[in-house]
Amino acid sequence: MVSKWKKAKVALGMNFCMMLPKTLHEDDSFPPTVVSERLSGAALFSPVANWEMGSTRPTTPVPSFYGLKLSKSSSNSSKETCSICLTEMKEGSGHAIFTAECSHSFHFHCIASNVKHGNRICPVCRAKWKEVPFSGPSLDPIAVRVSTSPTIWSQNDTLMAVVHRLPLVHPRRDLNRRHIIPLYQAPEPGVFDDDESLNSQPVFSGRRHCSKSTEDTDAVKAMVIKMYPEVSAAPRSNAYSEFTVLVHLKATASAAADKGEKFSRNQSSMTHISQTPRAPVDLVTVLDISGSMAGTKLALLKRAMGFVIQNLGCNDRLSVIAFSSTARRLFPLCRMTDSGQQQALQAVNSLVANGGTNIAEGLRKGAKIMEDRKEKNPVSSIILLSDGQDNYTVNGSGTNQPQPNYQLLLPTSISGRDNSGFQVPVHAFGFGTDHDALSMHSISETSGGTFSFIETEAVLQDAFAQCIGGLLSVTVQELQVGIECIHQDLSLVSLKAGSYPSRVMANGRKGFIDVGDLYADEERDFLVSVYVPATSGNETSLIKVKCVYKDPLTQETSTLESEEVKIERPGIAVRVEMSIEVDRQRNRLQAAEAMAQARLSAEQGDLTGAVSVLENCRKILSETVSAKSHDRLCVALDAELKEMQERMVSRHVYESSGRAYILSGLSSHSWQRATARGNSTDRLSLVQAYHTPSMTEMLTRSQAMSLSSPSGQRLLQPLLSYKSQPSLR
């Protein structure tokens, strides 16, 4: 006999089926403890826990798992209540009713929407249908207003009530599961120019802010420039071949906040993110639904996508690509209004895990959406999540290259090989220990995005939250930093800018760094090496900086120039303190170089040498000025280097987690942008470099939503407990 747990596991991987005590709006002639409702997977993920009294929907949300049990058989109530939207089905109510060949009934528009997104399986009994409802390309949305409050939405945790009862599943990749169940899906257009019109909507993040703005003045600069020479004084008789100047940039949130004051008088209960006007986003998520995603992984992915959908504003647009052996677009770029959110949730909830892993095809369609759209929001980005290795383009049977060419995974428009100037950053998320970290890091690095390592399944939503917290707070775009020598005898030697494109002009007098977008309160630090000759004067003017950038709100180009940075040139040698700001950034760059060198050694099989590289770097950092002053960044760098050493104790540990952890760290330091890796999303973690207030706030919101109920804790705790076991150390 098949155990209940196995049945539950299968139900979780395909969809959800559960019994719930009858709610107050049902026929009072039956005791509430006898009659029950069935909830489908779509219902479990839909944020509809805040139904009003007196409506035709349940009057009591179900924030507790009390009284829930997994269904063993079909229920007659499924004919009285639509298992997708949970409202009663009555003849003459104005809604057509569809009865499937398995005898279960649904509202026609509910099941038609489900089928539109490729689901040909009964949400109740999991029977495979031979005939499906089809109403043409246009489907009416369900008339349900989605809650705008994350607190209220988080109370709809019936999903957690089911998932926490299931044994923890850690599915291994099954390469034999590359077959795909034939699913009905609406034909895709040849050109993805069916994106929803922007309609000249204003740029607000709050869901209630959909009225037009009449003022857009900006009295506060969106950028701050500071410069620090490595020492404040240098003897005039000495020449310096590489004198270091730190260029520190910060994108301020005060300008946008100043604009938002006049719009937030009646919104005092909303969070900071919702109060501040911001640039709306076009976001495409490219999601792996291969066979290895079945079970807990797919459940957590749907939950994380629900959080993303809920936190996008009414002017943001979202499209979802699901890929396995092939890829399909679930819906075009749609504004995340209430109806847009509902349709997006339905589409995501219809996903079923099957097949192989064709990352290239998923990215191709994601890029095509961005290329073909008729209109564009100011901010654009692609989120890619995969738990496996591409077994079609890079590792397919037709590729016999000794070294995989990961550039093949990226469309030419994203990789820049077509010289079109079109580029959308791909933020890649490697899910679990079986994903191909090298390919995911290559994709993100080439496109200008970041790579995050989701080692513990439970933190997937937090990782997504951190990412969109940044994307929803862009205040500076197309930033280019120009550096110019002032004294005629000075020349630029080098610009240390990480992964940002930089160049020094042939005459050595000028240099440029292409930074791109900055999130609110995000900082960038660049070390500029300058040749400084001897002089007869009392001071030397070194460099000045000019920033040219675009305001995403007004689309106006602004220029900000710094003051000249100077040093004193005394006649005799004097003792001066090393700038702790310069020392701190030197430590960051030195740590990043050690990480890269250690990874190369590990890839060549020399784990002992890799650990030695990291240990030597830790010793050097411990003797620096910033380390002796207990600088926070230096402490974090030491903790990160130590963690990397521990992930190189054996070949197995390195390949399962060490490689991905190091690559995610390199991505973070090279772009100076936060990535998720290890326990970095934990509030107590030391490895939290480059977090911004907007990221932290969205991360806090995610964690509060996940842990706001006992069932939420039971969903996540087994996964966290599993990771805490010393199996890999």
Side-chain angles (χ1 to χ4, degrees), residues 220-252 476 478-516 518 522-551 557-589 625-626 672:
V220 183
K221 287 292 184 181
M223 290 283 302
V224 173
I225 304 175
K226 294 182 180 180
M227 290 190 288
Y228 304 90
E230 62 176 275
V231 291
S232 59
R236 68 180 63 158
S237 58
N238 294 350
Y240 300 87
S241 59
E242 293 189 22
F243 188 90
T244 302
V245 178
L246 169 63
V247 177
H248 174 82
L249 311 175
K250 182 175 182 179
T252 62
V476 169
E478 301 177 12
L479 171 61
Q480 184 182 76
V481 181
I483 300 147
E484 182 179 2
C485 294
I486 299 174
H487 195 282
Q488 61 181 2
D489 294 330
L490 271 66
S491 61
L492 298 177
V493 178
S494 65
L495 304 176
K496 295 183 179 180
S499 292
Y500 293 103
S502 62
R503 56 199 177 278
V504 175
M505 298 295 100
N507 60 6
R509 300 283 300 162
K510 292 183 179 180
F512 298 92
I513 304 173
D514 299 322
V515 180
L518 289 183
E522 203 167 34
E523 302 177 9
R524 293 291 180 269
D525 293 286
F526 304 115
L527 292 181
V528 180
S529 294
V530 185
Y531 168 73
V532 179
T535 183
S536 59
N538 294 326
E539 67 176 16
T540 300
S541 296
L542 301 177
I543 61 173
K544 63 180 179 180
V545 172
K546 181 171 72 173
C547 292
V548 180
Y549 59 92
K550 186 172 69 175
D551 186 330
T557 299
S558 301
T559 300
L560 179 63
E561 297 189 14
S562 72
E563 297 180 354
E564 299 177 358
V565 59
K566 303 177 181 180
I567 57 172
E568 297 178 1
R569 306 300 298 272
I572 58 175
V574 294
R575 183 179 180 182
V576 292
E577 295 287 340
M578 165 70 70
S579 167
I580 192 170
E581 288 81 5
V582 173
D583 187 65
R584 177 189 298 123
Q585 297 306 317
R586 280 177 170 169
N587 288 345
R588 177 181 63 82
L589 292 174
V625 174
S626 56
Q672 299 183 55

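This chain uses plain numbering: 1 for the first residue, then up along the sequence.
Within 6.0 Å of the NZ atom in K510, the count of heavy atoms belonging to other residues, nucleotides or ligands does not exceed 12.
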Show every donor-acceptor pair shorter than 3.5 Å between a side-chain atom in residues 487-496 and any protein atom, with sequence neighbours excluded, or say none if there are none.
residue : atom : partner : partner atom : Å
H487    : ND1  : D489    : N            : 3.0
S494    : OG   : S529    : OG           : 3.3

Could you tabulate the donor-acceptor pairs under 3.5 Å formed by side-chain atoms of residues 557-566, not counting sequence neighbours?
residue : atom : partner : partner atom : Å
S562    : OG   : V545    : N            : 2.9
S562    : OG   : V545    : O            : 3.3
E564    : OE1  : S541    : OG           : 3.3

- [ ] Decide side-chain contact (heavy atoms from CB on, under 4.5 Å) for F243 and V231; before the verdict, give the C-alpha distance in whole Å, the side-chain angles of both, and the deciding distance to 0.1 Å.
- [x] CA-CA 9 Å; F243 188 90; V231 291; 3.7 Å; yes

Open item on the list: With side-chain contact (heavy atoms from CB on, under 4.5 Å) as the criterion, how do D525 and L246 come out once you've worked through the C-alpha distance, each side chain's angles and the decisive distance to 0.1 Å?
Closed with: CA-CA 7 Å; D525 293 286; L246 169 63; 3.7 Å; yes

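Considering M223, R524, E523 in turn, E523 is the only one that fulfils the side-chain contact (heavy atoms from CB on, under 4.5 Å) rule with K250.
When all heavy atoms are compared, the tightest approach of A222 to V476 is O-CG2, 4.0 Å. Taking all atoms of both residues into account, the shortest heavy-atom contact from C485 to I543 is CA-CG2, 4.2 Å. Closest approach of S237 to A534, counting heavy atoms only: O-CB, 3.7 Å. Summarising the geometry of P229 relative to S579, their closest heavy-atom pair is O-CB, 3.4 Å, with the distance given to 0.1 Å.
Atom CD1 of I483 and atom CE of M505 lie 11.0 Å apart (nearest 0.5 Å). The structure places CD of Q672 at 10.0 Å from OG of S499, a figure rounded to the nearest 0.5 Å. One distance of note links CE of M578 with OH of Y228; it measures 15.5 Å at 0.5 Å rounding.
Remark: A233 pairs with E568, P570, V574, V576 by the side-chain contact (heavy atoms from CB on, under 4.5 Å) rule, at least two apart or across chains. With sequence neighbours left out, the salt bridge (Lys or Arg N to Asp or Glu O under 4.0 Å) criterion links R569 to no other residue. Residues passing the side chain to side chain donor-acceptor pair (under 3.5 Å) test with Y240, sequence neighbours excluded: none. The salt bridge (Lys or Arg N to Asp or Glu O under 4.0 Å) check on R236 picks up nothing, with sequence neighbours excluded.
Looking at heavy atoms from C-beta onward, R503 lies in side-chain contact with D514 at the 4.5 angstrom threshold. Inter-residue side-chain proximity for L542 and V528 is flagged as unmet; no heavy-atom pair is nearer than 4.5 Å. Put simply, the side chain of V515 reaches to within 4.5 Å of the side chain of F526, judged on heavy atoms. In this structure the side chain of C547 reaches within 4.5 angstrom of the side chain of L249, judged on heavy atoms.
A salt bridge links E230 with R586: at least one charged nitrogen is closer than 4.0 Å to a carboxylate oxygen.
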